[in-house]
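Notes for the one structure printed next.
Whatever order the structure lists them in is the order used to number ligands and atoms, beginning at 1.
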Amino acid sequence: MAVFRDVMPAFDLLQPTSAADAQRLLSDIGEGAWVMAGGLDSFDWLKDRIKKPDVLVDLSGIDELRGVRVNSDGLEIGAMTTLTDIANHPEVKKSYSLLSDAVSVVASPQIRNQGTLGGNISQDVRCWYYRGGWPCYRAGGNICYADTPVGRNREHAIFGANLCVAVHPSDSVPALIALDAKFVVKGAKGDRTIDAQDFFIGPEYDITRINVLQVGDLLTAIRIPNTYAGGKFYFEKVRDRNVWDFPLMNVASAMKLDGGNISDIRIAVNAVSPRPMRLTEVEAAVKGKPATAETGEMAGKLAVEGAVPLQFNAYKIPLMRNLVKRAIGGVQEATWA
Ligand SMILES: Cc1cc2nc3c(=O)[nH]c(=O)nc-3n(C[C@H](O)[C@H](O)[C@H](O)COP(=O)(O)OP(=O)(O)OC[C@H]3O[C@@H](n4cnc5c(N)ncnc54)[C@H](O)[C@@H]3O)c2cc1C
Ligand code: SF4
């Protein structure tokens with residue numbers, strides 16, 4: 001399919017200086033508006049002429065959306081804070097290193113310098129058929145090009161397939177789910193707060209959307225409670241190249257230990273399903289058990305129950321089993337070895 005990459009489609013550029021103004025503009029313009037944060041994902045769509053918004057609402061002039069604020073409840077991170085600023089922030093590194101570890105391995109230094117946390121959370125799936133402008137289900141068509149006997153689906157889903165088998169590609173999101181983050185959304189009716197794991201939607205709910213944001217909504221901040229501050233964390237990303245690459249899979253766990261036993265845990269995996277997966281059954285199964293390789297082994301097996309591989313991604317099942325195992329047993333080795 002021919003894709004014209006020479007000239008971006010024309011659009012109006014609006015540059016509000018407050019979150020309230022940005023939200024009002026988004027509501028007033030409606031469907032034709034596009035939120036632009038760091039522009040990394042946005043410009044891909046525009047340059048490929050696949051998305052053609054009438055108006056770009058550029059958030060880069062809104063200072064109130066930038067920065068990491070430490071408070072008595074934990075952290076509040078403005079949606080326009082760059083991934084580099086989060087990776088380098090002393091309090092994030094000291095008490096919430098799960099997040100600094102996760103954002104430090106996003107893409108490349110250049111992308112982390114420009115890319116924002118709000119943009120990383122809100123980015124769309126990377127399936128190359130969809131990104132290449134093919135009229136698949138997610139693009140409003142009536143076929144999935146990836147889920148055929150010859151479709152290129154090595155990077156695609158082993159869970160949650162429902163017409164679409166693309167995966168959610170973010171590295172920051174599993175860490176945010178494990179840390180029990182809340183996303184603050186400013187909409188026409190005011191602000192609302194959404195649990196990180198409830199922010200994302202699967203194709204069974206709406207195949208053309210990746211999250212709960214509606215026309216007129218703006219993600220303004222990410223709040224991380226101090227529940228797991230200074231806890232035992234594990235983040236691991238597996239990718240084809242060590243820089244500039246999306247995850248083939250990643251895992252994030254936040255744990256509290258009591259005498260060597262897991263008293264509380266949250267664990268999430270991404271790039272296995274159209275929406276990031278919090279592994280609640282694994283959490284329940286390991287609570288009260290020692291954080292050992294043996295418990296990790298049991299957790300890994302449980303995590304992959306029900307996985308359905310496509311033609312070219314069966315490797316994701318042992319990969320997920322081992323990542324989950326290490327996210328539990330690996331913490332133990334790092335702590336008491
Ligand atoms: C070559 C390359 C490699 C990459 N590798 C990785 C990787 O390894 N791991 C990873 O996690 N990511 C990776 N990314 C994704 C990259 O991190 C994201 O593209 C980036 O984080 C998007 O952030 P941005 O600030 O540029 O947002 P934009 O591109 O401006 O926006 C992204 C999307 O989010 C929406 N959006 C942005 N902010 C808001 C907001 N506040 N409220 C509502 N909607 C909003 C936009 O409308 C758009 O749809 C890669 C990207 C590229 C180009
Ligand atoms: S996996 Fe989803 S995004 Fe990719 S071709 Fe199929 S329907 Fe489209």
Side-chain angles (χ1 to χ4, degrees), residues 19 22-23 26 33-46 51 53 56-60 62 65 78-83 102-108 110-148 151-153 155-157 161-175 183-187 199 203 207-222 237 239-248 250 270-271 274 276 310:
Q23 190 287 316
L26 292 172
W34 180 278
V35 176
M36 190 174 74
L40 292 161
D41 202 13
S42 297
F43 279 116
D44 270 1
W45 286 119
L46 302 177
K51 307 273 185 187
L56 240 63
V57 178
D58 172 12
L59 307 181
S60 64
I62 307 179
L65 293 182
M80 284 297 288
T81 312
T82 67
L83 301 176
V103 297
S104 300
V105 293
V106 167
S108 64
Q110 295 88 339
I111 288 172
R112 296 195 291 274
N113 288 343
Q114 176 69 16
T116 65
L117 187 59
N120 190 268
I121 292 167
S122 311
Q123 64 177 307
D124 210 338
V125 302
R126 302 300 302 194
C127 174
W128 38 82
Y129 297 105
Y130 173 60
R131 290 270 171 172
W134 294 52
C136 68
Y137 286 126
R138 190 170 280 279
N142 62 0
I143 185 172
C144 172
Y145 298 94
D147 191 11
T148 67
R152 308 316 294 174
N153 51 39
E155 287 81 2
H156 288 66
N162 193 311
L163 300 180
C164 178
V165 293
V167 293
H168 195 279
S170 167
D171 283 314
S172 67
V173 164
F183 296 167
V184 185
V185 174
K186 188 178 276 306
F199 183 77
I207 203 163
T208 62
R209 288 160 61 209
I210 194 160
N211 58 45
V212 297
L213 294 182
Q214 302 275 5
V215 171
D217 281 346
L218 183 69
L219 174 63
T220 57
I222 293 86
K237 169 180 181 174
R239 51 190 156 171
D240 283 324
R241 303 176 291 183
N242 266 342
V243 74
W244 203 278
D245 220 348
F246 284 92
L248 290 170
N250 57 31
N270 212 1
L310 303 166

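- Those atoms of ligand 1 that come under 4.0 Å of a heavy atom in Asp41, given as number and element, are 19 (O), 29 (O), 32 (C).
- Separating the CD1 atom in Ile210 from the CG atom in Asp124 is a distance of 5.0 Å, to the nearest 0.5 Å.
- Taking every heavy atom of Leu59 and a limit of under 4.0 angstrom, the matching atoms of ligand 1 come to 41 (N).
- You'll find the side chain of Met80 stays beyond 4.5 Å of the side chain of Ile62, heavy atoms only.
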Check your understanding: Would Leu83 and Asn120 satisfy side-chain contact (heavy atoms from CB on, under 4.5 Å), going step by step from the backbone distance to the final call?
Key -> CA-CA 8 Å; Leu83 301 176; Asn120 190 268; 4.1 Å; yes
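- Close contacts of ligand 1 with Leu40, meaning ligand atoms under 4.0 Å from a residue heavy atom, involve 19 (O), 26 (O), 29 (O).
- In terms of protein heavy atoms, atom 15 (C) of ligand 1 is closest to Gln123 OE1, 3.2 Å.
- Taking distances strictly below 2.8 Å, the protein N/O/S atoms close to atom 2 (Fe) of ligand 2 are Cys164 SG.
- The N/O atoms of Asp217, backbone and side chain alike, include none that comes under 3.5 Å of an N/O atom in ligand 1.
- Contacts with ligand 1 closer than 4.0 Å are made by side-chain heavy atoms of Leu213 only, the backbone lying farther away.
- With rounding to the nearest 0.5 angstrom, the CG atom of Asp58 is 4.0 Å from the CE atom of Met36.
- Considering backbone and side-chain N/O atoms, Ala107 comes within less than 3.5 Å of an N/O atom of ligand 1.
- Of all the atoms in ligand 1, the ones that sit under 4.0 Å from a non-hydrogen atom of Ala37 are 25 (O), 27 (O), 30 (O), 37 (C), 38 (N).
- Between Trp34 and Ser42 there is a side-chain heavy-atom pair separated by less than 4.5 Å.
- Of the protein's non-hydrogen atoms, Trp34 CZ2, 3.6 Å is the one closest to atom 49 (O) of ligand 1.
- Taking atom 51 (C) of ligand 1 as the reference point, the nearest protein heavy-atom neighbour is Phe246 CZ, 3.6 Å.
- Neither the backbone nor the side chain of Leu65 has any atom closer than 4.0 Å to an atom of ligand 1 (non-hydrogen atoms only).
- The closest donor-acceptor contact from the side chain of Asn153 to the backbone of Ala146 lies under 3.5 Å.
- When all heavy atoms of Arg239 and Ala107 are compared, the pair lying nearest together is NH1-O, 4.3 Å.
- The shortest separation from a heavy atom of Asp124 to ligand 1 is not under 4.0 Å, leaving the residue out of contact.
- A distance below 6.0 Å separates the ring centres of Trp45 and Tyr130.
- In terms of protein heavy atoms, atom 46 (C) of ligand 1 is closest to Val35 O, 3.1 Å.
- Looking at ligand 1, you'll find an N or O of Gly38 within less than 3.5 Å of one of its N or O atoms.
- Looking at Phe43 against ligand 1, nothing comes within 4.0 Å, counting heavy atoms.
- The protein heavy-atom contact nearest to atom 9 (N) of ligand 1 is Asp171 OD2, 2.7 Å.
- Only the side chain of Lys237 comes within contact range of ligand 1, with a heavy atom under 4.0 Å; no backbone atom does.
- Taking every heavy atom of both residues into account, Pro247 and Asp171 meet most closely at CG-OD1, 3.4 Å.
- Close contacts of ligand 1 with Leu219, meaning ligand atoms under 4.0 Å from a residue heavy atom, involve 40 (C), 41 (N), 42 (N), 43 (C).
- Heavy-atom proximity to Asp245, at under 4.0 Å, picks out these atoms of ligand 1: 7 (C), 8 (O).
- Considering backbone and side-chain atoms together, Thr116 places an N or O closer than 3.5 Å to an N or O of ligand 1.
- Contact check for Gln110 versus Leu40: no side-chain heavy atoms found under the 4.5 Å cut-off.
- Remark: Asp217 pairs with Arg192 by the salt bridge (charged side-chain N to carboxylate O under 4.0 Å, His left out) rule, at least two apart or across chains.
- The single protein non-hydrogen atom nearest to atom 35 (C) of ligand 1 is Ser122 CB, 3.6 Å, given as residue, atom name and distance.
- No part of Ser108 comes within 4.0 Å of ligand 1, judged by heavy-atom distances.
- Rounded to the nearest 0.5 angstrom, Leu219 CG and Leu117 CG are separated by 8.0 Å.
- When only non-hydrogen protein atoms are considered, atom 10 (C) of ligand 1 lies nearest to Asn120 ND2, 3.4 Å.
- Separating the CG atom in Asp240 from the CD atom in Glu155 is a distance of 6.5 Å, to the nearest 0.5 Å.
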Practice item. Evaluate the salt bridge (charged side-chain N to carboxylate O under 4.0 Å, His left out) criterion for residues Asp41 and Lys51: first the C-alpha distance (whole Å), next the side-chain angles of each, then the deciding distance (0.1 Å), finally the verdict. Key: CA-CA 11 Å; Asp41 202 13; Lys51 307 273 185 187; over 6 Å; no
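- Note on Asp245 versus Lys237: no salt bridge recorded, every NZ/NE/NH1/NH2 to OD/OE distance being 4.0 Å or above.
- Close approach to Trp244 involves these atoms of ligand 1, each under 4.0 Å from a residue heavy atom: 1 (C).
- Of all atoms in ligand 1, listed by their number and element, those nearer than 4.0 Å to a heavy atom of Ile111 are 1 (C), 2 (C), 3 (C), 52 (C).
- Between Ser42 and ligand 1, an N or O atom pair is found at a separation short of 3.5 Å.
- Residue, atom and distance of the protein heavy atom nearest to atom 27 (O) of ligand 1 are Gly119 CA, 3.4 Å.
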Review point. Can you list the steps and then say if Thr116 with Leu59 is a side-chain contact (heavy atoms from CB on, under 4.5 Å)?
Key: CA-CA 11 Å; Thr116 65; Leu59 307 181; over 6 Å; no
